Q: 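The structure under discussion is supplied below as structure tokens; questions concerning it will follow.
In each ligand, atom 1 is the first atom listed, and ligand 1 is the first ligand listed. On a predicted model such as this, the values are computed, not experimentally measured, just so you know. Worth knowing before you read on, the calculation uses all heavy atoms, side chains too, and leaves out hydrogens, waters and symmetry mates.
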Amino acid sequence: MPYICQHAVDVARIPVPLRTLRLQLRFLLPLLAALVLAASVAVPLLDRVTLRWFSRDLNSRGVLLANALSESVADVLRTGEPQRLQGLFDRAAQDERLLAIGLCSADDRLLQYSAAFPRDLSCGGLRERALEDGPPLRLPGGRVHVGVHEVPDAGGSRLVLLHDLSFVERRSQDTRHYLIALIAVLGLVIALITMVVAQISWRGWVKGMRALMRGEGLVAPLSPLAPPPEMAPLAAELRARLRDLEDEYRRSQGPEREWTADRLRSLLRTQLSGDQLIVVSNREPYIHERDGDQVVVRRPASGLVTAVEPVMRACSGTWVAHGSGSADRDVVDAADRVAVPPGQDDYWLRRIWMSAEEEQGYYYGFANEGMWPLCHVAHVRPVFRESDWQAYRRINQRFADAVVAEARREDPVVLVQDYHFALLPAMIREKLPQATILTFWHIPWPNPESFGICPWRREILQGMLGSTILGFHTRYHCKNFIETVDRYLEARIEHEHSTIAYGGKETLVESYPISIAWPDDATLAHWPSIAECRARVIERLQLPASACIAVGVDRYDYTKGILERLNAVERLLDKYPQWIGRFVFVQVAAPTRSALDEYRNFQQRVQATADRINQTHGRPGYLPVHLLARHHESDAVNELFRAADICVVTSLHDGMNLVCKEFVAARDDLQGVLLLSRFAGAAREMPEALIVNPYHVEETADALHRAATMPAAEQRERMASLRSTVREFNVYRWAGRMLADAGRWRLRERIEARVRRHQQG
Ligand code: ADQ
């Protein structure tokens with residue numbers, strides 16, 4: 001996350017006093033500007049008001065003077081000797097403010113005036129100016145106020161008083177100085193108060209921010225460390241930002257660098273260093289079987305084991321699983337453990353025992369007659385028996401106890417695998433509240449309506465929500481799960497971040513598309529050539545030399561669409577008879593859950609269909625369908641993939657499907673065509689395959705024909721693209737992304753715990 005680090009460094013580099021000053025300047029500069037503005041408006045206003053006041057004052061004085069002189073003026077006018085007024089006018093003009101005085105007749109003749117009266121002023125002009133109440137008169141000596149006052153009882157004659165306004169200017173200047181000084185002092189006081197308040201609130205803010213950055217109150221909105229109310233919006237914002245960054249980081253963990261076993265190991269060293277890893281699955285990765293007096297080790301045919309085994313080998317730890325082999329008890333130590341893979345001893349396998357009755361209820365009953373058809377839309381009704389449910393709970397508890405017993409510390413990383421252990425996460429969480437529990441659901445998750453028919457739907461959801469991280473193959477399965485929780489539990493869901501808060505704990509629901517380990521150079525060096533593989537398969541199965549070979553490799557399960565693909569093969573031979581004698585379909589079907597009626601019936605139907613096709617279209621030396629209903633070693637499966645022209649994956653519903661990825665990995669010659677069901681999770685990652693609806697026999701038959709006739713160049717183009725996808729989106733990436741998310745989660749929880757300790761201490 002270079003972006004945040006860079007940002008944090010920039011801020012931190014600015015010294016604290018400088019930062020405070022910068023903040024205060026942000027307050028002070030606008031304040032200063034406001035004060036200057038106030039002064040520039042107030043001073044001229046003040047000038048105008050002062051002038052008006054003094055004008056009014058001078059007018060009143062003028063009226064008083066006119067009244068006082070009225071008798072003398074009337075007397076003088078009566079005698080017709082206006083020069084007698086000269087002495088009176090000169091005395092009156094000695095007043096400091098009165099500049100000059102004059103007497104105008106009713107017809108605007110200047111009758112008498114004091115010495116300083118400007119001679120160029122006319123009585124009419126002065127009267128009009130006084131009437132208009134205009135601005136002061138500007139004379140060479142300065143501004144002058146003109147007052148014209150009628151003298152009572154003097155035949156309409158008027159006294160003209162010219163007042164010197166320089167004293168007004170002097171006073172107004174004084175007032176201006178006082179005002180500016182006042183504004184400046186006021187500004188200083190406000191600035192001072194602002195600085196003090198800013199200082200105090202900055203410190204408080206910084207303290208609050210530091211607390212938030214330490215995680216106090218950020219951790220969870222309901223935690224006792226919740227931030228003070230004023231910080232709450234900021235905390236929420238920060239929390240959201242952190243989540244966004246986490247999401248961004250998660251997304252950025254994409255295609256940039258190839259995931260390898262080494263990279264996964266280094267991730268474990270850096271992000272989960274010293275942490276204990278425990279895997280829980282029903283199926284064990286190695287089965288010890290008795291064969292006469294010998295003990296042989298077998299690898300089960302399971303997508304889950306195929307995916308998790310490389311992770312375990314990369315990071316050691318303990319794998320807890322059901323000990324199902326006939327010699328399993330003979331090889332374990334006193335703690336029911338055996339080191340595997342045999343001869344390499346990379347990790348421990350801890351075996352859990354169960355009686356046949358318990359296995360019947362937990363595994364065959366609830367898991368495979370209940371959960372499996374419930375989660376797969378394959379039109380097989382789930383069966384829910386109370387006794388199966390009780391066995392399922394009991395066995396989940398037994399596995400939980402084993403995990404607790406295997407835990408060397410209180411916070412191991414536990415990888416819970418699949419639908420056999422829906423209750424396990426909450427059971428582990430109860431005993432090891434600090435454990436990081438990653439549950440991966442290898443099969444699809446249905447929509448809420450379909451899941452709603454399960455009588456123990458709430459218990460199952462509650463059990464799964466004991467997980468820290470809950471993984472599915474696709475976003476679509478995540479969405480279905482979140483909607484199911486929304487429908488049946490009172491939980492707080494954050495769709496944006498794909499989290500569910502339930503019972504005070506949060507679960508991240510995320511998609512992690514599973515894959516295979518991409519073959520390394522050493523593995524490739526041991527593979528026989530394509531031609532050799534083809535020759536061996538042709539020889540072993542007695543196929544025509546020029547046969548077009550299509551293969552299917554599956555567990556013998558009704559969800560895999562084996563019946564549908566046989567129907568499509570039959571239709572191909574009917575519709576395109578040119579293929580009879582040349583097109584061969586080889587189905588490898590590993591027996592699975594044969595104790596269940598549904599499976600036995602299905603396997604019989606498949607066998608009958610294969611027989612029918614062979615009877616209808618077979619010839620001496622040619623069988624269109626080869627049904628090999630037995631387990632094959634991985635080398636044999638690989639040989640078949642390399643010999644084939646077409647690989648057919650027609651699952652009716654599949655979480656992911658690894659067979660299609662194994663086929664692609666096997667074809668380093670860039671030849672071969674993949675036919676892939678649109679109902680397999682893998683279809684979302686592999687659009688270069690021929691995508692089919694397996695329920696549509698005609699469409700699938702046509703796709704087989706198209707695959708069989710596809711030009712080599714087109715095959716190369718499609719295969720090259722498929723190979724680059726599978727190579728990049730390999731199993732180490734699947735595990736790496738999940739474990740990296742777990743690492744980040746643990747880091748977050750450690751910080752929370754530290755903050756809590758810090759608060760309590
Ligand atoms: P499965 O339903 O077991 O897995 P899948 O993903 O196809 O299905 O894996 C089957 C594995 O078994 C492959 O590795 C295949 O090579 C191997 N296999 C099949 N038939 C075999 C045979 N006859 N002999 C030997 N090996 C055989 C579940 C989900 C899938 C999901 C995986 C992994 O149902 O959707 O892809 O888990 O999450």
Q: Take every heavy atom of Arg630, measure it against each atom of ligand 1, and state whether any distance is under 4.0 Å.
A: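 Within the 4.0 Å threshold, so yes.
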Q: Of all the atoms in ligand 1, which lie at a distance below 4.0 Å from a heavy atom belonging to His631?
A: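 By the 4.0 Å cutoff, the relevant atoms are 24 (N), 25 (C).
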Q: Does any donor atom in the side chain of Thr468 or Arg429 lie under 3.5 Å from an acceptor atom in the other side chain?
A: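 The answer is yes; a qualifying pair exists.
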Q: Under a 4.0 angstrom heavy-atom cut-off, which atoms of ligand 1 come close to Val553?
A: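 The atoms of ligand 1 under 4.0 Å from a heavy atom of Val553 are 19 (C), 20 (N), 21 (C).
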Q: Which pairs count as salt bridge (charged side-chain N to carboxylate O under 4.0 Å, His left out) when at least one residue sits in residues 632-649, sequence neighbours excluded?
A: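 Residue pairs with at least one partner in residues 632-649: Arg534-Asp645, Arg536-Glu639, Arg540-Glu639, Arg642-Asp668.
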Q: Is any N or O atom of Val588, backbone or side chain, closer than 3.5 Å to an N or O atom of ligand 1?
A: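 For ligand 1, there is no N or O atom that lies under 3.5 Å from one belonging to Val588.
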Q: Please work out whether any backbone atom (N, CA, C, O) or any side-chain heavy atom from C-beta onward of Arg555 is under 4.0 Å from ligand 1, and answer side chain, backbone, both or neither.
A: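 It is both backbone and side chain that touch ligand 1.
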Q: Quick one: salt bridge (charged side-chain N to carboxylate O under 4.0 Å, His left out) pairs with a partner in residues 439-453, sequence neighbours left out?
A: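 Output for this query lists Glu449-Arg487.
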Q: Looking only at distances, please establish whether an N/O atom of ligand 1 is found under 3.5 Å from an N/O atom of His632.
A: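 Yes: some nitrogen or oxygen of His632 is under 3.5 Å from one in ligand 1.
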Q: Taking the inter-plane angle between the rings of Tyr695 and His379 on a 0 to 90° scale, is it parallel (under 30°), tilted (30 to 60°) or perpendicular (over 60°)?
A: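 Tyr695 vs His379 ring planes: perpendicular.
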Q: Could you tell me whether the side chain of Arg299 and the main chain of Pro285 form a donor-acceptor pair under 3.5 Å?
A: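 Yes; at least one donor-acceptor contact below 3.5 Å.
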Q: When you look for heavy atoms under 4.0 Å from ligand 1, do you find them on the side chain of Asp554, its backbone, both, or neither?
A: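 The answer is the backbone of Asp554.
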Q: Considering only heavy atoms of His442, which atoms of ligand 1 have at least one such atom less than 4.0 Å away?
A: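 Ligand 1 atoms under the 4.0 Å threshold to His442: 29 (C), 30 (C), 31 (C), 33 (C), 35 (O), 37 (O), 38 (O).
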Q: With respect to Gly655, determine whether any N or O atom, backbone or side chain, lies less than 3.5 Å from an N or O atom of ligand 1.
A: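 Indeed, backbone or side chain, Gly655 has an N or O that close.
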Q: Do the charged groups of Asp557 and Lys560 touch, with an N to O distance under 4.0 Å?
A: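 No.
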Q: Under a 3.5 Å distance rule, please check whether Glu284 uses its side chain to pair with a backbone N or O of Ser324 as donor and acceptor.
A: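 Yes; judged by distance alone, with no hydrogens or angles, the pair exists.
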Q: Please confirm whether the backbone N or O of Arg555 pairs with a side-chain atom of Thr592, one donor and one acceptor, at under 3.5 Å?
A: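 Pair absent, no side-chain N/O of Thr592 close to backbone of Arg555.
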Q: Please determine if Leu658 has a nitrogen or oxygen closer than 3.5 Å to a nitrogen or oxygen of ligand 1.
A: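 Yes - when backbone and side-chain N and O of Leu658 are compared with those of ligand 1, one distance drops under 3.5 Å.
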Q: Does His473 have a non-hydrogen atom less than 4.0 Å from ligand 1?
A: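 Yes, His473 has heavy atoms under 4.0 Å from ligand 1.
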Q: Below a 4.0 angstrom heavy-atom separation, can you tell me which part of Ile514, side chain or backbone, both or neither, approaches ligand 1?
A: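 Side chain only.
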Q: Is it true that Asp328 and Arg290 make a salt bridge, defined as a side-chain N closer than 4.0 Å to a carboxylate O?
A: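 A salt bridge is absent here (no side-chain N lies under 4.0 Å from a carboxylate O).
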Q: So between Ala636, Ala590, Ser634, whose heavy atom ends up nearest atom 22 (C) of ligand 1?
A: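 Comparing heavy atoms across Ala636, Ala590, Ser634, the nearest one to atom 22 (C) of ligand 1 lies in Ala590.
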Q: Identify, by atom number and element, the atoms of ligand 1 in contact range of Val659, meaning under 4.0 Å from any of its heavy atoms.
A: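 Contacts of ligand 1 toward Val659, numbered from 1: 7 (O), 15 (C).
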